Amino acid sequence: MHRYPATKLVLRDWLAADRTAAGNRRTFYSYLRTTLDFNIAGLVLIRFYGYGWIIVLGVCFLAASVFLAAYAVHRFLRCADTIFNSSGNLPTLFPHVWCEWIIRSKLRSSHTGD
């Protein structure tokens, strides 16, 4: 991946970084929803079915949800670090704040004639 200093980036680069961060957050949220589904499935299997092999399956679902949650956090942080730190001085995790600041400064400079 190429490394560009933050001073050389144009507005579309900052907006692309914002879209990428939003995609990373959406993926993280979908992992968390799946983790919650695994938790619910495991608890339902354990609580409402008394057969030994179904209880084992419920415990497997609960264990899988723990591992999936850990993987989700690891993947989210790794992707955020790769996305925003590989480009020099881009902010981590929350580029939308910087994008709004750049848009406002571009609008101000276009109105003042800079």
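Worth knowing before you read on, the calculation uses all heavy atoms, side chains too, and leaves out hydrogens, waters and symmetry mates. Quantities reported herein were computed from a predicted structural model and do not represent experimental measurements.
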* Structure fact -> side chain to side chain contact (heavy atoms under 4.5 Å, CB included) filter on Phe48, not counting sequence neighbours, yields Val44
* Would you list the pairs meeting side chain to side chain donor-acceptor pair (under 3.5 Å) in which at least one residue belongs to residues 54-64, sequence neighbours left out? => none
In residues 56-76, what donor-acceptor pairs under 3.5 Å come from side-chain atoms, sequence neighbours left out?
| residue | atom | partner | partner atom | Å |
| --- | --- | --- | --- | --- |
| Ser65 | OG | Asn39 | OD1 | 2.8 |
| Ser65 | OG | Leu62 | O | 2.6 |

Side-chain atoms of residues 29-36: list all donor-acceptor pairs with protein atoms under 3.5 Å, sequence neighbours left out, distances to 0.1 Å.
| residue | atom | partner | partner atom | Å |
| --- | --- | --- | --- | --- |
| Ser30 | OG | Thr27 | O | 2.8 |
| Thr34 | OG1 | Ser30 | O | 3.0 |
| Thr35 | OG1 | Tyr31 | O | 2.9 |

* Asked: When rounded to the nearest 0.5 angstrom, what distance separates CG in Leu45 from CH2 in Trp53?
  -> 9.0 Å
